[in-house]
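Heavy atoms only: backbone and side chains are in, while hydrogens, waters and symmetry mates are out. None of these values were measured; they are calculated from a predicted model. Naming: A, B, ... by sequence-line order, numbering from 1 per chain.
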There are 2 protein chains.
Amino acid sequence: MTAETPRLRADARRNVEGIRTAALDVFRAHGLNSPLDEVARAAGVSKGTIYHRFGGRQGLIDAVVEELVAERITGIITAVRDIEDPVERFESYLRQIWLLQYDEPAANDVLLRAMPGSDPLVALCERASEIAGGLLAEAQATGKVRDDLTSEDVYLLIWERGIIARACTEQPRDGYRRRCEYTLRGLRSGA
Amino acid sequence: MTAETPRLRADARRNVEGIRTAALDVFRAHGLNSPLDEVARAAGVSKGTIYHRFGGRQGLIDAVVEELVAERITGIITAVRDIEDPVERFESYLRQIWLLQYDEPAANDVLLRAMPGSDPLVALCERASEIAGGLLAEAQATGKVRDDLTSEDVYLLIWERGIIARACTEQPRDGYRRRCEYTLRGLRSGA
DNA sequence: CCGCAACTTGAATCCATGGTCAAGATCGGC
DNA sequence: GCCGATCTTGACCATGGATTCAAGTTGCGG
């Protein structure tokens with residue numbers, strides 16, 4: 001694993017690292033659809049180099065996604081496990097995912113399945129979806145969460161938030177968060 | 001008012017009408033950002049003619065917006081007036097606006113204030129916002145609607161729905177509607 | 001019917017982005 | 001140090017939409 005490829009020339013290795021770093025910055029700030037030109041500029045190379053080294057946007061994303069996003073999402077998944085109350089657990093999961101979508105455009109792109117070509121991403125999304133389904137079922141079992149809510153709904157609620165978060169750059173985080181709470185509140189069983 | 005402009009030649013008048021009609025169709029179907037090419041094709045003229053006659057997208061929009069959208073929105077406003085229960089009235093207003101946003105991309109563009117240059121649109125939006133504020137206040141007075149909800153929130157809830165509706169083309173109307181209900185439900189006072 | 005003003009056209013320009021590639025620059029083994 | 005293999009560059013093409021305008025077409029008053 002340390003040297004599967006014939007080994008790169010020193011300058012190439014330096015560039016690969018520089019590009020990865022730049023991509024992390026740019027993607028974090030503006031999402032996975034940022035112009036590659038911008039990444040190139042940030043890395044101090046020309047975009048041709050990115051295509052040469054990573055084969056295009058998809059390859060570049062694959063090369064940084066783990067560090068960029070995966071740990072954030074798995075972090076939420078594990079953090080939520082410790083919560084006792086199933087309702088609390090379910091709501092906390094959604095809340096955190098929704099905030100992640102606001103805070104990290106790149107994570108948002110991943111959750112929106114904006115990159116259907118990337119295997120690790122798809123896997124991650126599916127894992128998250130399954131988890132959400134489980135949390136939902138447990139929460140519903142308490143009778144405190146609407147039972148007409150489906151896994152599909154939850155997926156779509158996340159999708160909707162993603163769309164919003166994308167457009168939200170200007171909007172203050174606090175209002176966003178509050179409106180998330182309203183929706184969350186609406187998922188509880190009726191009075 | 002019948003003939004302020006020197007009077008158009010017959011073919012020009014015919015074209016103006018044709019373009020207006022085509023624009024109504026196209027805008028209704030794909031929103032106010034549809035390529036002008038498409039409008040031109042539908043009208044059987046070249047896009048140059050649209051620029052010549054209307055001075056560009058903005059002018060074209062101004063020329064059709066009344067017929068396109070205004071009556072839909074004012075229709076909702078008046079329809080809602082007859083509802084007795086303030087809570088019901090408020091919720092019905094939101095519900096109908098949200099569905100309008102799904103059903104008519106053009107109306108949605110208007111509500112999203114996507115065209116800040118057009119006076120009648122801005123006026124219409126402001127009127128709608130005021131109405132919404134009033135409905136909210138009355139609904140809150142019953143104690144059945146969260147009193148931490150602000151007019152600003154309501155505006156933003158509509159904005160959020162608009163963003164979603166824009167991206168929603170594929171999504172079934174029914175799910176959209178259901179998720180609207182969830183949010184609506186979340187606006188009621190807590191248990 | 002003429003002839004000009006009014007109209008229309010579509011080719012041209014611009015912009016922003018994704019993506020490619022021949023040619024020149026540089027590394028590093030010998 | 002030399003020279004070929006490896007890298008990088010930046011100019012180039014393509015796409016899709018907005019916008020303009022010179023040149024050609026057409027209505028219509030006289």
Side-chain angles (χ1 to χ4, degrees), chain A residues 3-23 25-27 29-64 105-106 109 114-118 166 169, chain B residues 3-23 25-27 29-64 105-106 109 114-118 166 169:
Chain A
E4 13 180 68
T5 332
R7 185 116 113 287
L8 294 176
R9 232 167 66 177
D11 52 349
R13 240 174 303 138
R14 218 180 309 130
N15 280 333
V16 166
E17 249 333 285
I19 292 170
R20 261 184 50 89
T21 305
D25 287 350
V26 172
F27 285 164
H30 307 301
L32 301 181
N33 290 310
S34 319
L36 291 191
D37 271 336
E38 205 177 323
V39 176
R41 219 175 316 120
V45 302
S46 89
K47 66 181 164 169
T49 305
I50 294 182
Y51 281 94
H52 186 37
R53 287 285 146 237
F54 295 90
R57 157 172 276 109
Q58 196 56 62
L60 181 56
I61 289 174
D62 288 350
V64 299
D109 287 337
M115 326 311 305
S118 170
R166 239 186 209 172
T169 330
Chain B
E4 11 180 70
T5 332
R7 182 116 114 290
L8 294 177
R9 234 168 62 176
D11 53 345
R13 242 175 299 137
R14 219 180 310 130
N15 280 333
V16 166
E17 248 334 287
I19 292 169
R20 261 185 50 91
T21 306
D25 288 350
V26 172
F27 285 165
H30 308 300
L32 301 182
N33 290 309
S34 318
L36 291 190
D37 270 336
E38 208 176 319
V39 177
R41 221 175 314 119
V45 302
S46 90
K47 58 186 164 168
T49 304
I50 295 182
Y51 280 93
H52 186 35
R53 288 284 147 236
F54 296 90
R57 156 169 279 109
Q58 195 56 61
L60 182 55
I61 290 175
D62 287 351
V64 298
D109 287 337
M115 326 310 307
S118 170
R166 237 187 210 172
T169 331

Q: Give the rounded distance in Å between these two atoms: CG of A/D37 and P of D/dT9.
A: 13 Å
(Q) D/dT8, OP1 or OP2 - any side-chain N/O from A/S46 closer than 4.0 Å? (A) no
(Q) Can you tell me how far apart OG (A/S46) and OH (A/Y51) are? Round to the nearest 0.5 Å. (A) 11.0 Å
**Q.** Separation of atom NE2 in B/H30 from atom C1' in D/dG16, rounded to whole Å
**A.** 16 Å
Q: Flag the pair A/D109 / A/R166 as yes when at least one side-chain heavy-atom distance between them is below 4.5 Å, and no otherwise.
A: yes
Q: Could you tell me the separation between the CZ atom of A/R57 and the C1' atom of C/dT17, rounded to a whole number of Å?
A: 9 Å
Q) Could you give the CD-to-P distance, from A/Q58 to C/dG18, as a whole number of Å? A) 14 Å
Q.
Any non-hydrogen side-chain atom of A/R57 less than 4.5 Å from a side-chain atom of A/L36?
A. yes
Q: Would you mind telling me which of C/dT8, C/dT9, C/dG18 lies closest to the side-chain atoms of A/P35?
A: C/dG18
Q | Euclidean distance, atom CZ of residue B/R41 to atom P of D/dG16 [Å, nearest integer] | A | 12 Å
Short heteroatom pairs, N/O only, protein and nucleotides 28-30 of chain D, under 3.5 Å:
from, atom 1, to, atom 2, distance (Å)
D/dC28, OP1, B/A10, N, 2.8

Q: Mind calculating the distance between NZ (A/K47) and P (C/dG19) to the nearest angstrom?
A: 9 Å
Q.
Taking only side-chain N and O atoms of B/Y51, does any of them lie within less than 4.0 angstrom of OP1 or OP2 on D/dT19?
A. yes
Q) Looking only at atom types and distance, does a side-chain atom of A/R53 sit under 3.5 Å from a main-chain N or O of A/V16, one as donor and one as acceptor? A) no
Q: Report the distance from atom CZ of A/F27 to atom CG of A/L60, rounding to the nearest 0.5 Å.
A: 4.5 Å
Q. To the nearest angstrom, how far is B/N15 atom CG from C/dA6 atom P?
A. 17 Å
**Q.** Electrostatic pair A/E38-A/R41, nearest N-O below 4.0 angstrom
**A.** no
(Q) Strictly below 4.0 Å: does A/T49 bring a side-chain N or O up to OP1 or OP2 of D/dT9? (A) yes
(Q) Check whether B/T21 reaches the backbone of B/E17 with its side chain - one donor and one acceptor, N or O, closer than 3.5 Å. (A) yes
Q: Measure from CD1 on B/I50 to P on C/dT8 and round the result to the nearest Å.
A: 11 Å
